[in-house]
**Q** 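First the structure, which I've put down as C-alpha cells, then a few questions once you've had a look.
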Amino acid sequence: MEREQKKNVKEFQEDILGEIISRLPLKVVVQCKLLSKKFNRMISQPEFSQTLFQRHKDTSPQLIYSIFNGFALKQFRKISLNPITQSVTTLPDEVEILASCNGLILIDFERVMHYCVFNPTTREHQLIPYPKSSANGFERTGLAVDYPNSDQYKLVTISNLVENSNLFYKFHLISSEQSGLWREIQLRINNFLSIPFGSPPVYWRDSLYWLRSDGSVLAFDTKREEAMLIDRPEFLDLYDRSYGKILTGQDIWLGMAHGLLTLVFIFRMYIVIAAYDSANRRWRITHTMDNFILGPEGFIKGFPVWIDSKQVSFLVERPLTQNHDLFEYDTNTNVYENTAVLHRVNYPMYCFRPTLAFVHTTPFNDVTADHQAHIAANLYDIRRFIIEGISNIQEESSSSSSSSSSSSEEEAGEGEEAG
C-alpha cells in the first residue's frame with residue numbers, strides 16, 4: 001500500500017513538472033533537456049511533444065526572407081509579429097532558405113551541394129546530398145514535417161522530364177529515416193507550366209502543393225508518395241472577362257489561411273480569395289473585395305502574406321519609397337486595415353514558428369572538414385538571428401534601436417548560460 005502511494009505521488013509530481021515545463025519558452029525547454037536523463041526522456045516523449053505543440057501553436061510567427069545586396073552577400077531579414085519589429089543580418093550569397101515547416105528550416109548550401117534540415121531552436125541539423133536531377137529540367141524543392149505526430153520529415157524536389165515524346169513531372173523524395181536514399185516518382189501531364197518564384201510550396205494534410213502559373217496546383221502526397229494535378233478554378237475564365245485580367249506582375253498566390261489551402265486572385269477591379277474543398281476537390285470563393293494593391297498605372301504594388309490566424313494579410317508598396325504597408329483582416333469590421341509600415345520587404349517569404357521538431361543525425365562522410373566548418377558557422381549565425389535576435393549588421397528599420405538593445409541583452413544572457 002505504501003509503495004503504491006509513493007508511486008502515485010511520484011507520478012503526480014512528474015505530471016506537475018511536465019505541466020510547468022510545457023509552459024516555459026521553448027529555448028528554456030531545450031536547456032531543461034540537458035539537466036538530466038530523466039528530464040531529457042520526459043521532454044522527448046511523443047505525448048509531451050503534443051502538449052508542447054498545443055501550448056505554443058499560437059506563438060507569434062516570424063516572416064523570413066532574403067534580399068541580394070551584391071558583393072557575394074545577401075541580406076537575411078525577418079519580421080516578428082505581435083509586436084511588429086524588423087531586423088536584418090547577412091549571409092553568403094550561396095546560402096539560400098528554401099522552405100520552413102513546423103519549426104524546421106530547409107537551407108541550400110550550393111557550394112557544398114547539400115541541402116540542410118535545421119532546427120534553430122534545438123540547434124540540430126542534418127545534411128542531405130543533392131539528388132541526381134534531370135539536366136534539362138527546372139527544379140523546385142519542398143519540406144514536409146510531420147511534427148508533432150511523429151519525428152519524421154521528407155524533402156521533395158520537382159524537375160521536368162521529356163521521354164519518348166511524353167511529358168512528365170519528376171519528383172525526387174527522400175525521408176529522414178533513410179537520408180541516403182532518393183526515390184523517384186513520375187506524373188504524366190499534357191503540358192509544362194512555370195511555377196511562380198514568389199509562391200513557395202505549401203504543406204497541408206500530408207501533402208505538398210505547388211502553384212502553377214495558370215492557377216492549377218501540383219500536389220504530392222508524402223504518405224502515399226503519389227502526385228496529382230488539381231485543376232484551376234472553374235470561375236477564373238468568367239472573372240477574367242468581368243473583373244479585368246492583370247497583364248503584368250504575379251496575380252495568383254497560393255498559401256494557408258485559417259488552416260485551409262487558399263488561393264488569392266488579383267483582377268483589375270477585385271481581389272478574390274478562394275479556399276480548397278478537399279472533399280469535393282474544388283475551390284470555393286470566401287471573399288471578394290476591391291483591389292487595393294493595384295497602382296494607378298495598372299501594376300500590382302503588393303503581395304499577400306499568409307498568417308494562419310488571419311484570413312489573409314497583404315504587404316503593399318508605398319510610392320517612391322522602399323516601405324510597405326501591412327494590411328491585416330479585421331474580423332469585426334470584415335475589412336482590411338493598415339496596421340504597420342515595414343521597410344524593404346521581398347518575396348518569397350517563409351513563415352517560421354519555433355518547435356522542438358526532431359532532426360535526425362547522419363555521418364558527414366561525403367562532406368569535408370572545411371565544408372562542415374562553413375556550414376556550422378552559417379547555421380550559428382542563422383540560429384542567433386532567428387532565435388536570439390542577434391544581428392551582425394546595423395538595423396535598417398525604424399525599430400533598429402530597440403531590436404539592438406534587446407539583442408545585446410539576450411547575447412549577455414546567452415553568455416551567462418554558457419558559463
Side-chain angles (χ1 to χ4, degrees), residues 18-19 21-34 39-64 78 81 97-107 115-128 141-157 173-179 200-209 219-225 255-261 306-309 349-362 379 382-383 386-387:
E19 181 71 16
I21 292 177
S22 70
R23 295 178 182 274
L24 295 174
L26 286 179
K27 64 179 182 180
V28 179
V29 177
V30 173
Q31 295 167 359
C32 288
K33 293 181 69 175
L34 305 178
F39 276 80
N40 183 41
R41 185 168 56 252
M42 180 187 69
I43 295 172
S44 300
Q45 291 295 322
E47 296 80 6
F48 188 83
S49 296
Q50 291 280 353
T51 301
L52 205 62
F53 181 77
Q54 292 300 319
R55 290 271 192 270
H56 294 271
K57 68 178 181 178
D58 294 327
T59 300
S60 179
Q62 298 176 4
L63 303 176
I64 54 179
K78 71 173 182 178
L81 305 172
I97 291 180
L98 301 178
S100 175
C101 183
N102 287 337
L104 300 187
I105 297 177
L106 179 64
I107 303 171
Y115 298 115
C116 178
V117 179
F118 180 46
N119 187 331
T121 306
T122 64
R123 312 184 190 190
E124 299 169 339
H125 75 278
Q126 180 182 28
L127 297 180
I128 299 174
T141 310
L143 180 66
V145 181
D146 199 33
Y147 181 87
N149 300 315
S150 74
D151 61 2
Q152 303 303 322
Y153 46 87
K154 294 182 179 179
L155 193 159
V156 181
T157 70
L173 168 74
I174 193 167
S175 171
S176 55
E177 300 172 282
Q178 297 175 299
S179 62
V202 178
Y203 181 56
W204 182 64
R205 295 185 178 179
D206 300 328
S207 294
L208 283 165
Y209 298 85
F220 185 86
D221 189 315
T222 61
K223 299 287 187 183
R224 299 178 179 178
E225 298 187 5
M256 289 284 296
H258 277 190
L260 295 175
L261 194 65
W306 281 267
I307 306 170
D308 204 32
S309 61
M349 284 185 167
Y350 304 98
C351 185
F352 173 78
R353 284 186 176 90
T355 72
L356 295 191
F358 181 72
V359 176
H360 294 246
T361 57
T362 51
L379 293 182
I382 292 172
R383 178 197 171 272
I386 291 179
I387 302 300

**Q** Please list, chain by chain and in numerical order, all residues satisfying side chain to side chain donor-acceptor pair (under 3.5 Å) with Tyr203, sequence neighbours excluded.
**A** none

**Q** Going by the rule side chain to side chain donor-acceptor pair (under 3.5 Å), which residues pair with Asp146 if we only count those two or more places apart in sequence or in a different chain?
**A** Ser150, Lys223

**Q** Please step through side chain to side chain contact (heavy atoms under 4.5 Å, CB included) for the pair Leu261 and Val202, ending with a clear verdict.
**A** CA-CA 8 Å; Leu261 194 65; Val202 178; 3.8 Å; yes

**Q** How close do Leu26 and Pro354 get, counting heavy atoms only, and between which atoms?
**A** CD1-O, 3.1 Å

**Q** Can you name the side chain to side chain contact (heavy atoms under 4.5 Å, CB included) partners of Val30, sequence neighbours left out?
**A** Thr121, Thr122, Leu356

**Q** Report the residues that fulfil side chain to side chain contact (heavy atoms under 4.5 Å, CB included) with Ala257, sequence neighbours left out, ordered by chain and then residue number.
**A** Thr262, Trp306, Val312

**Q** Answer whether the closest heavy-atom distance between the side chains of Ile97 and Ile64 falls below 4.5 Å.
**A** yes

**Q** Hey, could you give me the CG/CG distance between Leu208 and Leu173, rounded to the nearest 0.5 Å?
**A** 9.5 Å

**Q** How far does OG1 of Thr157 sit from CD1 of Ile174, to the nearest 0.5 angstrom?
**A** 9.5 Å

**Q** List the residues meeting side chain to side chain contact (heavy atoms under 4.5 Å, CB included) with Gln50, not counting sequence neighbours, and say none if there are none.
**A** Pro148, Asn149

**Q** Just how far is it from atom CG of Leu127 to atom SG of Cys116, taken to the nearest 0.5 Å?
**A** 5.0 Å

**Q** Only counting residues at least two apart or in another chain, list the ones meeting salt bridge (Lys or Arg N to Asp or Glu O under 4.0 Å) with Arg23.
**A** Glu19

**Q** Listed by chain and number, what are the side chain to side chain donor-acceptor pair (under 3.5 Å) partners of Arg224, not counting sequence neighbours?
**A** none

**Q** Ignoring hydrogens and angles, tell me if any N or O in the side chain of Asn119 forms a donor-acceptor pair with the backbone of Glu124 under 3.5 Å.
**A** no

**Q** How close do Tyr350 and Leu98 get, heavy atom to heavy atom, and via which atoms?
**A** CE2-O, 3.3 Å

**Q** Give the minimum heavy-atom separation between Val117 and Val359, together with the two atoms involved.
**A** O-CG1, 3.7 Å

**Q** Is it the case that the side chains of Glu177 and Tyr153 hold a donor-acceptor pair, with the cut-off being a distance below 3.5 Å and no angle test?
**A** no

**Q** My understanding is that only residues two or more places apart in sequence, or in another chain, count here; which of them pass ring pair (Phe, Tyr, Trp, His ring centres under 6.0 Å) with Phe358?
**A** His360

**Q** Lys33: which residues meet the side chain to side chain contact (heavy atoms under 4.5 Å, CB included) condition with it, sequence neighbours left out?
**A** Asn40, Ile43, Ser44

**Q** Any donor-acceptor pair under 3.5 Å linking the side chain of Lys154 with the backbone of Ala144?
**A** no

**Q** Minimum heavy-atom separation for Leu143 and Leu104, please, with both atom names.
**A** CD2-O, 4.0 Å

**Q** Sequence neighbours excluded, which residues qualify as ring pair (Phe, Tyr, Trp, His ring centres under 6.0 Å) partners of Phe118?
**A** none

**Q** May I ask you to decide if Thr222's main-chain N or O and Asp206's side chain share a donor-acceptor pair within less than 3.5 Å?
**A** no

**Q** Rounded to the nearest 0.5 Å, how far does CD of Gln31 lie from CD1 of Ile21?
**A** 12.0 Å

**Q** Working to the nearest 0.5 Å, report the span between CG of Asp151 and OH of Tyr147.
**A** 11.0 Å

**Q** Would you give the length of the straight line joining atom CD of Gln62 to atom OG of Ser100, rounded to the nearest 0.5 angstrom?
**A** 9.5 Å

**Q** Considering residues at least two apart in sequence or located in another chain, which fulfil the side chain to side chain donor-acceptor pair (under 3.5 Å) criterion with Ser22?
**A** Arg55

**Q** Of all residues at least two apart in sequence or in a different chain, which pass the ring pair (Phe, Tyr, Trp, His ring centres under 6.0 Å) check with Phe352?
**A** none

**Q** Please give me the minimum heavy-atom distance between Ile105 and Pro120, naming the atom from each residue.
**A** CD1-CG, 3.8 Å

**Q** Identify the two heavy atoms, one from Gln126 and one from Thr362, that lie closest to each other, and give their separation to 0.1 Å.
**A** NE2-CG2, 3.3 Å

